[in-house]
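All values derive from a computational prediction rather than experimental measurement. Letters A, B, ... are given to chains in the order of the sequence lines, protein chains preceding strands, and every chain is numbered from 1.
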Protein chains: 2
Amino acid sequence: MSTLENLSSINRPSLHEELTDRLRTMIVEGVLVAGEKVPERELCEKLGVSRTPMREALKVLAADGLLTLQPNRGARVRAITLDELEEVFPLMGALEALAGELACKNATEKQLQAVRKTHKAMLACFKASDMPGYFRYNQQIHEAILNAAGNKTLTTTYLSLAVRVRRARYLANMSQQRWQAAVDEHELILSALETRDAGKLSAILKQHLENKFATVRQWILNQQDNPPPQE
Amino acid sequence: MSTLENLSSINRPSLHEELTDRLRTMIVEGVLVAGEKVPERELCEKLGVSRTPMREALKVLAADGLLTLQPNRGARVRAITLDELEEVFPLMGALEALAGELACKNATEKQLQAVRKTHKAMLACFKASDMPGYFRYNQQIHEAILNAAGNKTLTTTYLSLAVRVRRARYLANMSQQRWQAAVDEHELILSALETRDAGKLSAILKQHLENKFATVRQWILNQQDNPPPQE
DNA sequence: TAATTTAATAATGAATTCATAATGCATTTT
DNA sequence: AAAATGCATTATGAATTCATTATTAAATTA
């Protein structure tokens, strides 16, 4: 049957919204390089928009901390510093811990199912040594836990912090050893969630994040010793 | 002596930055009423700016969650709902707890001194039944603790959440009884900070916030029963 | 008289234009 | 030859304009 009831309303995001998403992705994926200027005009031409929505998007991303705006000198992609990283991680830790607690309380069976499924897919990638795939599923699991927590504000806040470090996290390759450890930690995460042991889950998540942090920290330190070519 | 060394560079914030701050204040102070439309053109005239920086500011505030943008229908001041409040408070709780821990670790003697001083000023307001003054100092104390934590990202994140509920918090008048209790809690906060008892401080801060939440919650519920006149 | 349609008005979204600030280059001066 | 100054070019910030969409008021019809 086809009634008018179950039609989803047309929802066309405004240009500047599409642009913010698009640019955010470009930053995370490294299309826009950290430290480099954002060529406003060039981007407008490439993406086929005028400067107004582009500038609105830049302002939003700057407020998000992904860009810095230098008056009359345009925007630069903000490179994450070690100092900033050391500020962001404890914050993310606190939020993950909270997410864990809430997820244990509120997760529906369906949401647990989703976590389980993604966990399995992630394991498969690990066994196949598929690092990009692993990262993708890894991210999905953490987002699924956030979802299960059922607190949209928490999700939004967490994600806006996560974006900032995601690129560094992606670039910082794990050792095989660390990778194995991370997978083990994920097993613990899943089982704590299954048994709805809030205290345990929240502790593991925090620890898991701290371990990740150590890896990324090391990578940044190496970066500073062997800086990439600048133009 | 006057060398060229100790000159501070001229830093003129761009128009849209000034505007975001200005509008944010107007929202918190209730000049822009929750639920009402933001009269874009009128504001432009009153503040003597063109629409471009105004629109950029609106986009930023919308990304911050203070406004909602309805395509082709402009911006509205976002009224905080009970649902949202119940999402925001646990988050703020987690952040306050973290701030407490970090403050106990990192606070300098000078920063402690600042907290003490503000605490005293707040007490004076309480004794004089000066509610607005109390609120101002109360806010300053919590900001001073954030400062003492020495994590700028934490401060920024916390404040962006705090703005959303600040207006509701301000409007929700406390009973005399609750006010006394809040003051007592503040005594505990100060002493935990003095003795740098991280666990204790973080627990008290969380509890303190939960109590505040209960008051605001009650207020919102009453609001829903006796809604203010709409036009 | 009430409801529905149509027209007029107001306001928003996006593009264009204009003004101003910054950068690079050439010329001049020491 | 090196440094500094002035000029030209380029890019950004802000205002204005144009086109589209929503809201309202009015008019017509049932």
Side-chain angles (χ1 to χ4, degrees), chain A residues 4 7-24 26-27 31-33 35-78 230-231, chain B residues 4 7-24 26-27 31-64 66-78 230-231:
Chain A
L4 284 174
L7 287 175
S8 64
S9 73
I10 294 179
N11 120 315
R12 196 160 55 125
S14 57
L15 255 187
H16 91 270
E17 278 181 272
E18 287 194 65
L19 275 177
T20 37
D21 288 348
R22 188 85 178 263
L23 293 178
R24 206 197 309 275
M26 289 173 83
I27 292 169
V31 181
L32 295 173
V33 186
E36 298 272 298
K37 277 218 278 197
V38 179
E40 184 182 301
R41 185 172 297 275
E42 191 184 326
L43 272 176
C44 285
E45 283 167 20
K46 290 230 171 101
L47 300 178
V49 297
S50 86
R51 288 178 54 217
T52 307
M54 174 66 72
R55 297 182 74 240
E56 287 167 357
L58 293 180
K59 300 300 178 280
V60 171
L61 290 174
D64 256 26
L66 264 75
L67 302 175
T68 48
L69 299 180
Q70 301 163 296
N72 301 318
R73 258 177 282 183
R76 273 179 188 280
V77 180
R78 188 130 170 266
Q230 296 281 337
E231 66 232 55
Chain B
L4 283 175
L7 289 176
S8 66
S9 73
I10 294 179
N11 121 313
R12 198 158 55 128
S14 56
L15 255 187
H16 92 269
E17 277 180 272
E18 287 195 64
L19 275 177
T20 38
D21 287 348
R22 189 86 179 262
L23 293 178
R24 206 197 310 275
M26 291 172 81
I27 293 169
V31 181
L32 295 173
V33 185
E36 299 273 299
K37 278 216 279 198
V38 179
E40 184 181 302
R41 186 171 297 274
E42 191 184 326
L43 273 176
C44 285
E45 284 168 19
K46 290 229 171 106
L47 300 178
V49 297
S50 85
R51 286 179 57 212
T52 307
M54 175 65 72
R55 296 180 76 237
E56 288 167 357
L58 293 180
K59 301 296 179 284
V60 171
L61 290 174
D64 255 28
L66 262 73
L67 302 176
T68 47
L69 299 179
Q70 301 163 297
N72 300 319
R73 257 175 285 182
R76 271 178 189 281
V77 180
R78 190 132 169 263
Q230 297 280 336
E231 65 229 58

Check the distance between [N]'s [atom2] and [X]'s [atom1] and give it to me in whole angstrom.
X	N	atom1	atom2	result
A/Leu19	C/dG13	CG	P	15 Å
A/Leu69	D/dA11	CG	C1'	15 Å
B/Leu15	D/dA14	CG	P	5 Å
B/Glu18	D/dA14	CD	C1'	14 Å
B/His16	D/dA15	NE2	P	14 Å

Qualifying residues under salt bridge (charged side-chain N to carboxylate O under 4.0 Å, His left out), relative to A/Arg78, sequence neighbours excluded: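 Partners of A/Arg78 under the salt bridge (charged side-chain N to carboxylate O under 4.0 Å, His left out) test: A/Glu84.
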
Pair A/Lys46 + A/Glu42: basic N to acidic O under 4.0 Å: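 Answer for the salt bridge query: yes.
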
List the steps, then state whether side chain to side chain contact (heavy atoms under 4.5 Å, CB included) holds for A/Leu67 with A/Val77. CA-CA 5 Å; A/Leu67 302 175; A/Val77 180; 4.1 Å; yes

Where do B/Met26 and B/Leu43 land on the side chain to side chain contact (heavy atoms under 4.5 Å, CB included) test, with the steps shown first? CA-CA 11 Å; B/Met26 291 172 81; B/Leu43 273 176; 4.0 Å; yes

Does any non-hydrogen side-chain atom of A/Met54 lie less than 4.5 Å from one of A/Leu47?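 A/Leu47 vs A/Met54: side chains touch.
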
Does the side chain of A/Leu19 come within less than 4.5 Å of A/Val60's, by heavy atoms?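 The answer is no, as the side chains (C-beta and beyond) never meet within the 4.5 Å cut-off.
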
On DNA chain D, compare the nucleotides closest to A/Arg51 and B/Asn72; which residue's is nearer the 5' end?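 Residue closer to the 5' terminus by nearest nucleotide: A/Arg51.
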
For DNA chain D, whose closest nucleotide is more 5', that of A/Arg73 or that of B/Ser50?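 It is A/Arg73, whose closest nucleotide lies nearer the 5' terminus.
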
Any residue in residues 52-64 of chain B with a heavy atom nearer than 4.0 angstrom to DNA chain D? Just list them by number, or reply none.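 Residues of residues 52-64 of chain B that come under 4.0 Å of DNA chain D are, in numerical order, B/Thr52, B/Pro53.
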
Applying side chain to side chain contact (heavy atoms under 4.5 Å, CB included), run through A/Leu69 and B/Glu17 and close with a yes or a no. CA-CA 11 Å; A/Leu69 299 180; B/Glu17 277 180 272; 5.8 Å; no

A/His16/B/Lys59 under side chain to side chain contact (heavy atoms under 4.5 Å, CB included): CA gap, chis, key distance, verdict: CA-CA 9 Å; A/His16 91 270; B/Lys59 301 296 179 284; 3.0 Å; yes

Residues of residues 37-47 of chain A with any non-hydrogen atom less than 4.0 angstrom from an atom of DNA chain C: list those, numerically ordered, please.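 Those residues: none at all.
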
